[in-house]
Structure formats: C-alpha cells, structure tokens
Amino acid sequence: MSRLSNIVAPSFYGLYYDVTDEKYTHYWLKGGRGSTKSSFISVMIILGMMQNEGTNAVVIRKVANELKDSVYAQLQWAIDKLEVSEKWTAKLSPLELIYTETGQRIIFRGADKPKKLKSTKVSKGYIRYVWYEECDEFGGMQEIETINQSLMRGGPKFDVFYSYNPPKSQRNWVNTEVLTQRDDRLVHMSTYLTVPKEWLGEQFMIEAEHTKRMKPETYKHNYLGEVTGTGGEVFTNVVIERIKDEEISEFDKIKRGVDFGYAADPFVYIIGHYDSKRKWLYIFDEIYKHGLSNERAAEKIKEKGNYKQIIYCDLAEPKSINDLKNHGLPAKGAKKGPDSVEYGIKFLQSLERIIIDNERCPETAKEFLNYELEPDGNDGFKDGYPDKNNHAIDAVRYGMNDEIMRKKARIVSKKEFYG
C-alpha cells in the first residue's frame, strides 16, 4: 500500500485491503466532489487485471457518449500514475484499453444501448471487474441487476464497483438501496477533506470554503456528499438501524397495527415498541403482502407470535376486523376523525426518533424514507399529505392509536382549561 500513497487518498487505505483480500463482491463508493473515489476505482481495476491473468473489465455509464472524457480518461490516468503505460494499448474505435502482454481488455459501454451490454463478450478469460460510474443516473437497481446477470458469468470471483455522488433526496433509489445490508456488499463514504490539498489544487479549496461560508446546504451536498433532502420530506426523524434480538426481548410497550389491502394494495401488519419517555418508536417486524385473504393474514399474524395485545386496524373495514376477531385475534378499529390522517402524521413527526430495522421491515423503511409532499410545479409543495405508497405508514398510525388519542385528549383538555 505504501507505494500507492502518492495516488490513493488515506480514506481508501482500508478499502484497498478489503478489495485485495477479496472480502466483498459489491463495493458502493459514495462521496462528495473531489473525494477521488473514481481515481481509487481506476487504480484497483488496473492493478487487479495486471495481477490476475485471465480477468477483464467492463466500465459502464448510463449514456455512451460520456465514456471517453470520463472513465476512459480516468483509467488512462491510472495507467500513467502506475507507470505502466508501455504495457497498455489504448483504442478509440471502439473504446478499449488492452493489457498488451496478455490481451486482457477493458471494455466501455453505455447503458442507453442495452443490447450491446447483453452481447458483451471477451475472447480470453472472463469479466471480473464491472464499474458503474455515476450509478445514480441509472433507472434503478433492477436495471443494474439485469446488466450484472449478463456480465457476471464464468468466473470464480467478481468485483463490482458503484461510484456516485448521493442525490439530495432520500427517496432516490440509490440512497435507499445502500441501506439494504448484504453480506457481500460494502458501502464506503469519502470526502475531499481526507485528500492531500496539493492533489486538488488551491482553487478547489477556495471554491469549497466559499461555498461552505455562503451556501452551507449546497456545501453539505456537493462537497460532503450528504443527503440534504429536497425540503419535501415528511419524516425527518427516521433512523435506519439494526434492532437486536436482545433489545426486542426487553420491549414491553408493544404496538400493533393493520392496514387492510384493497385490490392492488398490500395487506400490512406492523409490530413496534414505544418508549414514551424518550419519544422513540421502534418498528421491528412487518407483514407486507399483496393478494392476502383475511384468513391467511390472520394465520401469518399468529405465526409472528405474541399477538395478545390489541391490534388496531382501519375502522373503515368492519368486516375485515370481524374476520380477524373470528380467527382469535384482538382486532379493534382505530378511532378516526375528520383530521385523523393529518393529526396522526403530525404525531409521528413529533417523535424524537422513528427507528426502523430495514432488514426486518424493508417495505416500512422504504415508505417512511420515500414519503414526500407533492411538488406544486412552482418550487413549492401541494397542501396535504399524499394518499399513495403509505400503507405501512397507515398501519403505524393505527398501531399508535392509543398514544395519538391520549395526546389529542390532553390538548383538548388544555384548550378547555385556558378557554
């Protein structure tokens, strides 16, 4: 590693050993402007190919015409900095970098032409390295998974790199995707603050400091790579973290809520715990399924165990509530009023934390993170809360019914007392 310290920033030293020790398959590198994440990836691909005969690489951007002046130039930079230019041949038509001694190739492709990606082949060895530059520009994880299925074949080990500057909105697919934990995935964060100043130049530092002083939110997003939000987020108090079994075993204020499915909508059942002293709500289990009959839903709830506490449900579904009761569940309609949705959401917003285990409750986490006010087309937002993609949110509101009604009663009582 010491011989690379003049081209690899200190924040990547640990990641370097993770890659060389083959700890993971998928490496997500997020960071702000000037973090040198793309420089690191280019160095690792060149080194990896030279050290592993029979391996090749495919480098992908969403739009093909952006390849030459970005990733192609970046990999040429790495070849030059590693002082191995005489061992590589650069081609422009088609864009390729060839390791002359063995014929190993780095192929460049745009995802705007999917057929070319599906037909990507190498004559010798297999494709070990895949790099998605500016991966937030892609259409979503499904698009990337389809490409990976085409490229990740015929070899014993793969290294897939994803580099991007986090978009402002937490609802963007890439910001949500990296919250999903996988044993074969590592998410790495970097900023320009760990990069030697002389690498970036004096003017870069001047611009960064000026932005920090004059536009702090822009600085946080552009230079620190923070998800600063669009201003339309409904829940800014959500915390995504693993809730351990030992913690769950100590929970004593259990909350359960159900939102019944309608046609294409899912049946949702959530389980949480409310720490009223700290105003922390833990959400640690869910059922989120389409096409589930009430009978089958009752069975699945029983499979979760410990269902003796009241299960608050949508009051507008008396038949479904009775179905759950007939199957031995303590189902009850949550109290409603003309402002129940707005009041319930404001109650959840007032909590210090809504802690969601996104491994146990992936759909609930997704809903809370993605729930935003609708833009009005004039740099503002429409009044009211959107009534879509909020089934788990509704189930949580119902589950917290007694707490919500208790707070509402206190407010009414105070108004009456003070006139």
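In what follows, every heavy atom counts, from backbone to side chain, and hydrogens, waters and symmetry copies are set aside.
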Using a 3.5 Å distance criterion without hydrogens, assess whether the side chain of [X] forms a donor-acceptor pair with backbone atoms of [Y].
X	Y	result
N358	L179	yes
E66	R61	no
K81	I7	no
Q104	T55	yes
E286	E363	yes
E352	K279	no
T100	K87	yes
E367	A392	yes
E143	G139	yes
E247	K244	yes

Which pair of non-hydrogen atoms, one from [X] and one from [Y], has the smallest distance, and what is that distance?
X	Y	answer
W199	A9	CZ3-N, 3.7 Å
I79	S85	CG2-CA, 3.6 Å
S11	T194	OG-OG1, 3.1 Å
S169	V227	C-CG1, 3.9 Å
S5	Y13	CB-OH, 3.6 Å
K121	R105	O-NH1, 3.7 Å

Checklist entry - Checking salt bridge (Lys or Arg N to Asp or Glu O under 4.0 Å) for the pair E374/K388: CA distance, chi angles, key distance, verdict? => result CA-CA 11 Å; E374 294 184 325; K388 58 183 179 181; 3.0 Å; yes
Checklist entry - Does the pair D183 and R185 meet the rule for a salt bridge (Lys or Arg N to Asp or Glu O under 4.0 Å), with working shown? => result CA-CA 6 Å; D183 291 339; R185 169 188 288 178; over 6 Å; no
Item to check | Worked verdict on Q203 versus E207 for side-chain hydrogen bond (donor to acceptor under 3.5 Å, both in side chains) | outcome: CA-CA 6 Å; Q203 191 58 43; E207 294 296 330; 2.9 Å; yes
Next on the checklist: Using the rule given for side chain to side chain contact (heavy atoms under 4.5 Å, CB included), can you reason through L117 versus S150, listing the C-alpha separation, both sets of side-chain angles and the distance that settles it, and then say yes or no?
Outcome noted: CA-CA 8 Å; L117 281 163; S150 298; over 6 Å; no
Measuring from [X]:[atom1] to [Y]:[atom2], what's the distance to the nearest 0.5 Å?
X	Y	atom1	atom2	result
E145	I147	CD	CD1	10.5 Å
D339	I345	CG	CD1	11.5 Å
L75	I106	CG	CD1	5.0 Å
R109	I60	CZ	CD1	9.5 Å
I206	T211	CD1	OG1	11.5 Å
Y274	M400	OH	CE	5.0 Å

Item to check | Mutual orientation of the aromatic rings belonging to F235 and F368 [parallel < 30°, tilted 30-60°, perpendicular > 60°] | outcome: tilted
Checklist entry - In terms of ring plane angle, is the pair Y72 and F108 parallel, tilted or perpendicular, where the classes change at 30° and 60°? => result perpendicular
Around [X], counting heavy atoms of other residues, nucleotides and ligands shown, do more than 12 lie under 6.0 Å from its [atom1]?
X	atom1	value
D387	CG	no
E83	CD	no
K62	NZ	yes
K215	NZ	no
N389	CG	no
E198	CD	yes
D376	CG	yes
K253	NZ	yes

Checklist entry - Taking it one step at a time, do S163 and W131 satisfy side-chain hydrogen bond (donor to acceptor under 3.5 Å, both in side chains)? => result CA-CA 8 Å; S163 54; W131 178 12; 2.9 Å; yes
Checklist entry - Which is it for K197 and E202 under the side chain to side chain contact (heavy atoms under 4.5 Å, CB included) test, yes or no, and what are the steps along the way? => result CA-CA 7 Å; K197 293 181 179 179; E202 183 180 357; over 6 Å; no
Next on the checklist: Please evaluate residues Y126 and F158 with respect to the criterion ring-ring contact (aromatic ring centres under 6.0 Å, His included), reporting the C-alpha separation (whole Å), side-chain torsions for both, the decisive distance (0.1 Å), and the verdict.
Outcome noted: CA-CA 10 Å; Y126 75 102; F158 298 92; 5.5 Å; yes
Checklist outcome for this item: Residue set satisfying salt bridge (charged side-chain N to carboxylate O under 4.0 Å, His left out) with D357, at least two apart, ordered chain then number -> R242, R360
Checklist entry - Are the aromatic ring centres of F161 and Y132 under 6.0 angstrom apart? => result no
Checklist entry - With ring centroids as reference points, do H391 and F267 lie under 6.0 angstrom apart? => result no
Next on the checklist: Working note: I283 + H273, criterion side chain to side chain contact (heavy atoms under 4.5 Å, CB included); need CA distance, chi angles, decisive distance, verdict.
Outcome noted: CA-CA 7 Å; I283 303 174; H273 160 73; over 6 Å; no
Next on the checklist: E217 vs T228, test: side-chain hydrogen bond (donor to acceptor under 3.5 Å, both in side chains). Steps then yes/no.
Outcome noted: CA-CA 7 Å; E217 285 301 305; T228 55; 4.6 Å; no
Checklist outcome for this item: From the list K255, R397, K335, salt bridge (charged side-chain N to carboxylate O under 4.0 Å, His left out) with E403 holds only for K255
Item to check | Working for side chain to side chain contact (heavy atoms under 4.5 Å, CB included), residues F260 and N294 | outcome: CA-CA 8 Å; F260 295 103; N294 290 336; 3.9 Å; yes
Item to check | With L281, the side chain to side chain contact (heavy atoms under 4.5 Å, CB included) member among D275, N237, I355, L351 | outcome: L351
Checklist entry - When you check the side-chain N and O atoms of S38 and E133, is any donor under 3.5 Å from an acceptor? => result yes
Identify every side-chain donor-acceptor pair in residues 25-35 under 3.5 Å, counting partners at least two apart or on other chains, and give the distances.
| residue | atom | partner | partner atom | Å |
| --- | --- | --- | --- | --- |
| H26 | ND1 | Y162 | OH | 2.7 |
| Y27 | OH | D18 | O | 3.3 |
| Y27 | OH | Y24 | N | 3.2 |
| Y27 | OH | Y24 | O | 3.1 |
| R33 | NH1 | Y223 | OH | 3.4 |
| S35 | OG | G32 | O | 3.2 |
| S35 | OG | K37 | NZ | 3.4 |
| S35 | OG | S190 | OG | 3.4 |

